[in-house]
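Bear in mind that the values here come from a model prediction, so they are computed numbers and not experimental data. Hydrogens, waters and symmetry mates play no part in the numbers below; they use all other heavy atoms, side chains included. Every chain is numbered from 1, with letters handed out A, B, ... down the list of sequences.
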Protein chains: 2
Amino acid sequence: MDRIDRKLLNLLQRDASRTNAHMAEEVGLSPSSCLRRIRRLRQVGVIDRIVAILNPAKAGRRLRAVVTVELKLHGEPNTRQFLELAAREEAVTQAHAVTGEVDAILMLRLRDMEEYDALCHRLFQGRTNVARYWTMMVIRTAKDETAIPLE
Amino acid sequence: MDRIDRKLLNLLQRDASRTNAHMAEEVGLSPSSCLRRIRRLRQVGVIDRIVAILNPAKAGRRLRAVVTVELKLHGEPNTRQFLELAAREEAVTQAHAVTGEVDAILMLRLRDMEEYDALCHRLFQGRTNVARYWTMMVIRTAKDETAIPLE
DNA sequence: CTCAGCGTGCAATAAAATTGCACGGATGCG
DNA sequence: CGCATCCGTGCAATTTTATTGCACGCTGAG
C-alpha cells in the first residue's frame with residue numbers, strides 16, 4: 001500500500017465507473033500496471049465491492065431517520081437477537097450495537113411516515129425486547145460519504 | 001421504471017462490477033437493451049454514481065462511532081454552521097441535522113482513540129457552539145447496507 | 001384497421017480490458 | 001563493491017466487452 005495505491009483507492013471510492021486507462025493517467029501509470037494494482041487491491045480485500053449508489057429521492061425513499069434503542073434485557077444474546085430482527089427489515093440500512101446510554105442504533109430509509117409507523121409496531125411494540133426508543137428524523141444532510149479516508 | 005429496471009438497480013446496488021452481458025442474462029434481456037436501460041437510469045439520475053466500497057479494517061479505520069450533538073445556539077444558521085464545520089473533517093462520514101432532543105448527529109470512521117480525542121477537541125471543545133455531546137462507539141455491526149430498498 | 005412510437009434483438013464496429021514478454025530499479029548476499 | 005534475484009513496470013498483441021445502426025414487433029391512439 002504505497003502512495004499510488006491510496007490515490008487509486010481515493011479515486012475509486014468517488015467514481016469507480018471510469019475506464020482503467022483514464023485512471024492510469026490520473027495516477028501516472030500505464031494501463032496494465034494500473035489494472036494489476038486494482039486487481040490486487042480487490043484480491044486482498046481492501047476493495048470489498050463495487051456498487052451503484054442511487055439517488056434516494058428518485059428511488060422513492062425520501063425520509064431518513066436515526067433511532068436509538070434501549071432494551072429491556074441487556075447483554076450479548078439479547079442484543080444480538082434484537083439486531084438480527086432489525087436487520088431483516090428492508091428499511092433498516094444499518095444496525096449497530098453501541099456503547100453509551102442505549103444498546104443499539106438503527107439507520108432507516110423510509111418511503112413515508114406510514115412505513116415508519118408500521119416498522120415501529122413490528123420492532124418496538126408488542127412482545128419485543130425494547131424498553132424505550134428515540135427517533136431522530138433527518139432534517140438536512142450536510143455530508144454523506146461512503147468513502148473511507150485513507151491515511 | 002418497470003420491474004426490469006428495479007431488478008437491474010437491485011443487482012447494481014449489490015455488485016456493479018459485473019459485465020453488461022452477465023446482467024443482461026440475469027434480467028432476461030439482450031446486452032444492448034440492458035445497456036441502454038442502465039445508461040438511461042444514470043442519465044435521469046436514479047443511479048447517482050458507481051463507487052468502490054473498501055474494507056474498513058483493511059483501510060486502517062477500525063473504529064466507528066455515532067455522536068449526537070446538542071448546540072448552545074439552536075436555529076438554522078447556527079446548525080448549518082456547525083454541520084459545515086463537521087463536514088470538513090475527514091473522519092466525519094455523515095453529518096445530519098435532526099429532530100429530537102439533539103440538534104445534530106455525526107457518523108465517524110476512526111483510526112484509533114487518539115484520532116477521536118483530537119476530533120473532539122476541534123469540534124466540541126474550545127470556542128464551538130456545542131453545549132453537550134454523547135458518543136456511542138459501535139461495538140458490533142449487524143447490518144450495513146448502501147443499497148436503498150426498491151418498492 | 002392503420003399508423004406512429006417505443007423498446008427490443010441481432011450483427012457489425014469501436015473501445016476497453018487482459019495477457020505475455022522483456023526491461024530496469026531495488027534488495028540481499030557473497 | 002559486484003552480482004544475482006525479485007518485483008513492478010511499459011509495450012504490444014490478443015481477447016473480451018461495450019456500443020451503435022438497423023429492422024422488427026408490440027402497444028395504444030385515432
Side-chain angles (χ1 to χ4, degrees), chain A residues 1-62 111 145-151, chain B residues 1-62 111 145-151:
Chain A
M1 276 273 282
D2 58 6
R3 220 179 55 83
I4 295 181
D5 280 336
R6 282 192 288 276
K7 206 166 170 181
L8 267 177
L9 289 172
N10 278 328
L11 286 171
L12 288 168
Q13 285 193 106
R14 315 289 164 187
D15 180 5
S17 70
R18 276 170 291 203
T19 66
N20 179 53
H22 190 295
M23 284 189 301
E25 195 180 355
E26 294 254 353
V27 300
L29 236 55
S30 74
S32 56
S33 293
C34 182
L35 185 70
R36 279 187 275 250
R37 272 176 184 261
I38 292 173
R39 194 188 303 164
R40 182 174 50 76
L41 290 168
R42 296 193 65 170
Q43 189 72 35
V44 301
V46 176
I47 297 174
D48 183 53
R49 58 196 200 279
I50 309 286
V51 301
I53 303 291
L54 304 193
N55 179 324
K58 291 187 177 161
R61 296 272 168 174
R62 285 178 177 72
R111 212 186 333 268
E145 276 284 350
T146 52
I148 292 173
L150 294 173
E151 326 304 289
Chain B
M1 275 273 280
D2 58 7
R3 219 181 54 83
I4 295 181
D5 279 336
R6 282 192 289 276
K7 205 165 169 182
L8 267 176
L9 289 171
N10 278 328
L11 287 171
L12 288 168
Q13 284 194 106
R14 316 288 164 188
D15 180 6
S17 69
R18 275 171 290 204
T19 65
N20 178 54
H22 190 294
M23 284 188 302
E25 195 182 355
E26 294 253 354
V27 300
L29 234 57
S30 73
S32 56
S33 294
C34 182
L35 185 72
R36 279 188 275 252
R37 273 175 184 260
I38 293 173
R39 195 187 302 163
R40 182 175 50 76
L41 289 168
R42 295 193 65 169
Q43 189 71 36
V44 300
V46 177
I47 297 174
D48 184 53
R49 59 197 199 279
I50 308 285
V51 301
I53 303 291
L54 305 193
N55 179 323
K58 292 188 177 162
R61 295 272 167 172
R62 287 178 176 72
R111 212 187 331 268
E145 275 284 351
T146 52
I148 293 173
L150 294 173
E151 326 305 289

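- For the atom pair CG of B:L41 and CD1 of B:I47, the computed distance is 5.0 Å after rounding to the nearest 0.5 Å.
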- Task: Mind running side-chain contact (heavy atoms from CB on, under 4.5 Å) on B:L35 and B:M23 for me, showing each step along the way?
- Result: CA-CA 9 Å; B:L35 185 72; B:M23 284 188 302; over 6 Å; no
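- Panel note: side chain A:Q13, backbone A:I148; a donor-acceptor pair is recorded below 3.5 Å.
- Salt-bridge annotation for A:D2 and A:K7: absent, with no side-chain N of the basic residue lying under 4.0 Å from a carboxylate O of the acidic one.
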Please write out each protein N/O paired with an N/O of nucleotides 14-18 of chain D under 3.5 Å, distance rounded to 0.1 Å.
| residue | atom | partner | partner atom | Å |
| --- | --- | --- | --- | --- |
| D:dA18 | OP1 | B:N20 | N | 2.9 |
| D:dA18 | OP2 | B:N20 | N | 3.0 |

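- A nucleotide of DNA chain C counts as in contact with chain A when one of its atoms lies under 4.0 Å from a heavy atom; the first and last such, 5' to 3', are C:dA16 to C:dG20.
- Within the 3.5 Å criterion, the main-chain N or O of B:P149 finds a donor-acceptor partner in the side chain of A:R61.
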Pairs under 3.5 angstrom, nitrogen or oxygen only, protein versus nucleotides 25-28 of chain D, please.
none

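- Atoms CD and CG, from A:E26 and A:L11 in turn, are 5.0 Å apart once rounded to the nearest 0.5 Å.
- Between A:D5 and A:R40 there is a salt bridge, since a side-chain N of the basic residue sits under 4.0 Å from a carboxylate O of the acidic one.
- Rounded to an integer number of Å, the gap from A:D2 CG to D:dG8 P is 9 Å.
- Annotation for B:A147 and B:R14: closest pair CB-NH1, 3.5 Å, computed over non-hydrogen atoms.
- In this structure, A:I4 atom CD1 and D:dG8 atom C1' are separated by 10 Å, rounded to whole Å.
- Residue contacts for A:R37: at a heavy-atom cut-off of 4.0 Å it reaches the sugar-phosphate backbone alone, with no base atom in range.
- One finds the CG atom of B:L54 at 8.5 Å from the CG atom of A:N10 (value rounded to the nearest 0.5 Å).
- Between the side chain of A:K58 and the backbone N or O of B:D48 there is no donor-acceptor pair closer than 3.5 Å.
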